[in-house]
Amino acid sequence: MEGEARALNFIEQKIEADIAAGKHGGRVHTRFPPEPNGYLHIGHAKAICVSFGLAQQYGGKTNLRFDDTNPEKESVEYVNAIREDIAWLGFEWNGGEYYTSDYFQQLFDYACDLIGKGLAYIDDQTAEQIASQKGAPGTPGINSPFRERSPEENRRLFEEMKAGQCKEGERVLRAKIDMAHDNMLMRDPVIYRIKFVDHHRTGNDWVIYPMYDFAHGQSDSIERISHSLCSLEFENHRPLYNWFIQALGIYPSEQTEFARLNLNYTIMSKRKLLRLVEEGVVDGWDDPRMPTISGLRRRGYTPESIRVFADRVGVAKRNNTIDVSLLEWSLRDDLNRRAPRVMAVLNPIRLRVLNYPEGETEMLTTVNNPEDESAGTREIPFGRELWMEADDFRVEVNKKWFRLAPGRTVRLKSAYIVEYADHVEDEHGNVTEVHVNYIPNSRSGQDTSGVKPKGTLHWVAAGQADEAEVRLYDRLFREASPEADGDFMDALNPNSLEVLKGCKVEPSLAQAEVGTVFQFTRLGYFTLDSKYSKPGSPVFNRAVTLKDGWKG
RNA sequence: UCCCCGAUGGUGUAAUGGUAACACACCGGUUUUUGGUGCCGUUUUUCCAGGUUCGAGUCCUGGUCGGGGAACCA
């Protein structure tokens, strides 16, 4: 169990102190509370790993709670996508699945309790009037003329609001706290508003909806959440969170805030991601270039790599910007150990082995994964006519060039050593064919030739190759901070998608299934696209390149 | 202008008054039938000024810089 002694982050330290002090009966019960108004992204993945991970670590439970208090922006499409993404990441909401809307009646009763205690009142003013009385940081606000209404009148009016007898915007319920408070959120915040909008779960049962601040802490409390973890932006809300719990005398859940994840070359705002989708810049929420969990999944990211990434990023209170290279490293590190190696040629040109008998083929054995002996071996066909990568041949080269060129000798991966014979160019000077001679006693595994070429090339037998489309992705933005200045749309990378048709892949790939990620030898990690791939006409997405150490 | 939070290599995160470390990135070497992987190594760090202390990244005071805060959003 013991592992190496890893340093605890500040939340782990608090949890251990709480357990030691017997707080919350020594329980650790967390929750992940998304609003179902968009798709989850890599930033949420960190939050998920933190809340679920901590509970797991301390033998506790985690609830999934949909924070659905604003029916205008929410839908079941999002609810389902969120469920799928969390499950795919490998987490189970073993504390249960809840909806803030399940608590609408309870929340209404809490509000009545506050009214009864003289701690809430109905305000008949407009949003503008209320805003103008709020004051400003450093300047106190002024009390609403409706602030001293009696509990009886407030109660009657609140019931009228609930019964649909008031128009939208006509009245709100406000907590009665302190219009001169240093924390603007404590200046009599609105806690209920009227919305004649159908809710995706409660339909038209309700026309009044609680605000976030009046719902969140109470929901935590109802579920007896011990550690309510959220991002730094809610620090200013904590006093309110605690005020409601205390005023109501309910279970004292505790909120702790940590820094959310930021990634360079990426945007993380749901609103902005929605704009990319709506304006057709990307192919939906799950476009492989999107930082959404569904996009990363379609791209070829594994749940393990995302969890390792979240772990490496750490948990602290300072704002951060993580290098995307850490995300990519997490994927490569995972896939290097697990991904089956196959050969594919993305920009094919003819490679003819002049001294190999015409019409003859042979099967060669190659390992599926040099990092994992248990992955076994497979057979690949070899013959006189092959495909090679256009980039692997150059006419003019220097001594750093390890690949094929006039006068050069290379190894064909898992096959033979071949030496340049000649090549064919078209009228534009593009090389269309390369001709070589092979060394018969250099066969892979049985090489007695004594020849030691520097380079090894991937290849595919022309007669047996399958055709595939391959999609290469680059970062969506060319600016490290797309939101830094001006419109983030101006920072888009115009070359974030490159579609390659007519790629040649080895025949074993005909059995490829969605969800398996392959290493195309020397090229990177690729997976079948779940949206566009069809039997017989495969489409592969490049998840990430291999690290390229070539400085040529 | 007021309140809250933060500040450690290029990027993150640790060090809990006692030798500033780990990962990613970068650079170099080595191994290699993937210019991948592995292995070895180099470079680079405590915001500023005072104070407490035998000793301060850590505690105190003041400052500077950065983030958040005045939605009938979450």
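Hydrogens, waters and symmetry mates play no part in the numbers below; they use all other heavy atoms, side chains included. Below, chains carry the letters A, B, ... as their sequence lines are ordered, and counting in each starts from 1. All of these numbers come straight from a predicted model, not from anything done at the bench.
More than 12 heavy-atom neighbours from other residues, nucleotides or ligands sit within 6.0 angstrom of CD on Gln446(A).
Here Arg337(A) lies out of heavy-atom contact (under 4.0 Å) with every strand. Gly524(A) comes within 4.0 angstrom of no nucleic acid atom, judged by non-hydrogen atoms across all strands. Residue contacts shown for Arg332(A) are absent, as no nucleic acid heavy atom lies under 4.0 Å away. Residue Asn336(A) is in base contact, counting any heavy-atom pair closer than 4.0 Å across all strands shown. Residue Gly135(A) is in base contact, counting any heavy-atom pair closer than 4.0 Å across all strands shown.
Rounded to whole Å, the P atom of A70(B) lies 47 Å from the corresponding atom of G38(B). Taking atom C1' on both U58(B) and A15(B), the two are 9 Å apart, rounded to the nearest angstrom. As rounded to the nearest Å, G62(B) and C2(B) have P atoms that lie 14 Å from one another.
Side-chain N/O atoms of Lys14(A) include none lying less than 4.0 angstrom from OP1 or OP2 on U16(B). Arg260(A) has no side-chain polar atom (N or O) that falls below the 4.0 Å cut-off from OP1 or OP2 of G12(B). Between Gln446(A) and U33(B), a side-chain N or O to OP1/OP2 separation shorter than 4.0 Å is absent. Taking 4.0 angstrom as the limit, Arg193(A) places none of its side-chain polar atoms (N or O) nearer than this to OP1 or OP2 of A71(B). The phosphate of U11(B) has neither OP1 nor OP2 within less than 4.0 Å of any side-chain N or O from Ser325(A). Look at Arg522(A) and you'll find a side-chain N or O under 4.0 angstrom from OP1 or OP2 of G35(B).
Comment: Arg201(A) engages Asp102(A) in a salt bridge, judged by a side-chain N to carboxylate O separation of less than 4.0 angstrom.
With rounding to the nearest 0.5 Å, the separation of CE in Met184(A) from OG1 in Thr139(A) is 8.5 Å.
Taking the side chain of Val190(A) as heavy atoms from C-beta on, and the options U33(B), U1(B), C72(B), the nearest nucleotide is C72(B). Side-chain proximity of His237(A) to A74(B), U34(B), C72(B): nearest is A74(B). Counting only heavy atoms from C-beta on, Asn236(A) has its side chain closest to C4(B) among G36(B), C4(B), U33(B). Among C73(B), G69(B), U13(B), the nucleotide with an atom closest to any side-chain atom of Met184(A) is G69(B). Set against U1(B), C24(B), A74(B), the side chain of Leu326(A) has C24(B) as its closest nucleotide. Of the candidates C73(B), G67(B), A70(B), the closest approach to any side-chain atom of Asn70(A) belongs to C73(B). For Trp401(A), the listed nucleotide lying nearest its side chain is G35(B); candidates were U34(B), A74(B), G35(B).
Taking a pair to require two hydrogen-bonding distances under 3.5 Å in either a Watson-Crick or a G-U wobble arrangement, A7(B) pairs with U64(B). For U13(B), the paired nucleotide is A21(B), the pair qualifying as Watson-Crick or G-U wobble because both relevant distances are below 3.5 Å.
Across Lys73(A) and Glu35(A), no two heavy atoms sit closer than the pair CE-OE2, 4.1 Å.
Ring orientation note: the planes of Phe158(A) and Phe108(A) are close to parallel, at an angle under 30° on the 30°/60° scale.
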